[in-house]
Protein chains: 2
Amino acid sequence: MARSHATMSYRDIKQVVLERIQTGIWLPDSLLPSEMELATEFSSTRTTVNRALRELAEEGYLERKRRAGTRVLNSPIRKANFSIPLIHDEIAATGATYRYSLVERSLQTAPSWLSARLSLKKDQDVLYVRCMHYANNAAFQFEVRWIVPEVVPEVIDESFEQSGPNDWLVRKIPFTNLELSFMATKADSEIADFLDAPVGDPIFTAERITWLRGAAVTYAKLYFAPGYRMTTHL
Amino acid sequence: MARSHATMSYRDIKQVVLERIQTGIWLPDSLLPSEMELATEFSSTRTTVNRALRELAEEGYLERKRRAGTRVLNSPIRKANFSIPLIHDEIAATGATYRYSLVERSLQTAPSWLSARLSLKKDQDVLYVRCMHYANNAAFQFEVRWIVPEVVPEVIDESFEQSGPNDWLVRKIPFTNLELSFMATKADSEIADFLDAPVGDPIFTAERITWLRGAAVTYAKLYFAPGYRMTTHL
DNA sequence: CTGTTATTTATGTCTATATATATGGCTATT
DNA sequence: AATAGCCATATATATAGACATAAATAACAG
């Protein structure tokens with residue numbers, strides 16, 4: 001809360017502005033007073049008001065345009081923030097014990113669909129890794145991944161027997177670009193087997209492609225155990 | 001691009017710092033020079049450097065602590081931003097034509113699971129709405145929704161025959177809080193029927209609970225047509 | 001040696017001011 | 001009536017300096 005009558009911080013201003021939006025004092029599509037006017041009202045400075053409004057705009061509440069002013073957005077195109085934690089962090093956060101297990105690791109020629117998806121050269125070698133992640137010894141996630149050794153040559157020396165490729169990649173590659181998709185897939189016999197689920201069960205699935213300066217590094221498909229929910233609050 | 005040799009903007013500084021992280025000049029866990037030192041190096045001011053570093057920290061690249069300094073994060077816990085558009089915007093963005101169709105609208109006593117989930121009073125009345133969203137006349141999403149009239153009394157006068165409850169709610173309620181979950185479910189005969197999919201097909205499903213100043217406004221379950229993918233880039 | 005206190009330091013934030021830039025609206029021109 | 005050019009204005013960003021605050025370190029007391 002703001003100090004009795006002293007100057008308001010940018011947080012206080014954010015709070016007040018947000019309340020005025022949420023209580024309908026400032027209706028959607030309406031124009032806010034200019035930064036100068038608000039600075040006067042809050043006996044603050046334009047710089048401070050600017051920061052408050054800028055952050056509210058980043059959070060999706062306001063739209064700001066030079067000369068045109070700041071207006072309240074009507075359709076809250078608010079951004080859901082899903083943080084993408086390392087899987088052992090995600091599991092540890094629930095209090096469960098994390099366990100990793102390698103299923104397969106082999107060098108193979110990239111299948112054509114992968115070459116197309118990652119824009120690889122024809123018949124390029126890729127490292128194929130399959131592994132399991134467990135929470136309290138229950139199946140949590142089945143990971144199927146391809147890694148392009150041409151982009152990360154060091155991967156050839158990695159056995160991935162003790163820890164998963166994601167851990168290694170995150171430490172090794174400061175990825176520059178990422179495409180992330182979520183979908184629902186049907187458990188085939190292999191996935192069902194690994195995830196201890198009936199064949200045909202709906203499986204929450206993530207697909208992840210990582211690029212390093214324009215070149216595809218890795219493609220991963222992550223199959224979550226039945227019952228998995230990805231949740232966010234905002 | 002930076003002006004030849006003049007002062008660097010906070011964007012330029014962000015860019016340079018990010019490059020130094022991504023090229024390994026500043027390794028994970030290592031400490032960056034202080035804001036003062038960087039300000040000197042970039043012939044800028046501490047305020048400007050501060051903004052650059054602050055934003056990089058928000059984006060998940062850096063960790064900053066008073067007195068302790070700024071260090072490079074080893075696991076970039078980057079945030080995936082999924083914007084939550086209105087469904088007709090989402091469909092229009094693909095170039096398809098949006099069509100809406102009401103399936104059912106009825107006032108009923110809240111089922112006990114819903115009461116528990118939304119912390120409703122016992123035997124409270126809720127408006128039950130089921131509707132379909134089509135893209136180019138193909139099933140896109142089947143929506144099942146409960147709305148609490150006690151929180152939004154005006155909903156009683158809404159027929160939802162021409163447009164969906166989401167549109168109406170977004171315009172009417174400046175929601176204060178939102179819980180959003182994604183999961184994979186199995187199409188039962190009803191869902192399969194509406195989405196024109198085989199029974200048992202995996203269905204990408206969203207669950208959404210909206211609160212207005214502590215009171216639950218609406219609970220929605222959104223079943224997407226087979227093949228739906230939620231994608232983001234970062 | 002241990003626990004407490006004081007000091008130092010890097011970040012956090014605010015103030016005051018100045019310049020830059022986009023753009024809505026006005027005006028003059030075609 | 002449409003268009004091009006100009007101007008006023010609100011936001012965008014930069015600067016310089018100050019005080020606030022958290023936390024690592026050093027100094028100190030028991």
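Quick caveat: nothing in here was measured; it's all calculated off a predicted structure. Chain A is the first sequence line, chain B the second, and so forth, proteins listed ahead of strands; every chain is numbered from 1. Atoms considered below: every heavy atom in the structure, side chains included; atoms not considered: hydrogens, waters and symmetry mates.
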Quiz item: So how far off straight is the helix from C/dC1-D/dG30 to C/dT30-D/dA1, going by the axes through five pairs at either end, to 10°?
Solution: 10°

Quiz item: Looking at CZ of A/Arg99 and CG of A/Asn136, how far apart are the two atoms once the value is rounded to the nearest 0.5 Å?
Solution: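 If I round to the nearest 0.5 Å, the distance is 10.5 Å.
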
Quiz item: Got B/Trp146 and B/Pro165 here, is their nearest side-chain heavy-atom distance under 4.5 Å?
Solution: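 B/Trp146 does not reach B/Pro165 side chain to side chain.
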
Self-check item: Nucleotide-resolved protein contact map, nucleotides 9-16 of chain C, B/S/- at heavy-atom distance under 4.0 Å
Solution: BBBBBSBB

Quiz item: Testing B/Arg46, B/Arg66, B/Arg54 for salt bridge (Lys or Arg N to Asp or Glu O under 4.0 Å) with B/Glu35, which one passes?
Solution: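 Exactly one option meets the salt bridge (Lys or Arg N to Asp or Glu O under 4.0 Å) with B/Glu35, and it is B/Arg46.
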
Measure [atom1]/[X] against [atom2]/[N] and give the value in whole Å, please.
X: A/Leu56; N: D/dT11; atom1: CG; atom2: C1'; result: 15 Å
X: A/Arg71; N: D/dT11; atom1: CZ; atom2: C1'; result: 14 Å
X: B/Glu63; N: D/dA22; atom1: CD; atom2: P; result: 17 Å

Quiz item: Are the side chain of A/Thr47 and the backbone N or O of A/Thr45 linked by a donor-acceptor pair below 3.5 Å?
Solution: no

Exercise. Using atom types as modelled and distance alone, determine if a side-chain donor or acceptor of A/Arg64 lies under 3.5 Å from a backbone N or O of A/Thr70.
Key: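 Answer holds: no.
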
Practice problem: Going by the ring-ring contact (aromatic ring centres under 6.0 Å, His included) test, name the single residue among B/Phe204, B/Phe182, B/Tyr223 that passes it with B/Tyr228. | Solution: B/Phe204

Quiz item: Is A/Arg51 close enough and on-axis enough to A/Tyr10, meaning under 6.0 Å and within 45°, for cation-pi?
Solution: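 Relative to the ring axis of A/Tyr10, which defines the angle, A/Arg51 lies inside both limits.
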
Practice problem: Compare every heavy atom of B/Glu143 with every heavy atom of B/Asn166, then report the nearest pair and how far apart it is. | Solution: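 Here B/Asn166 and B/Glu143 meet closest at N-OE2, 4.3 Å.
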
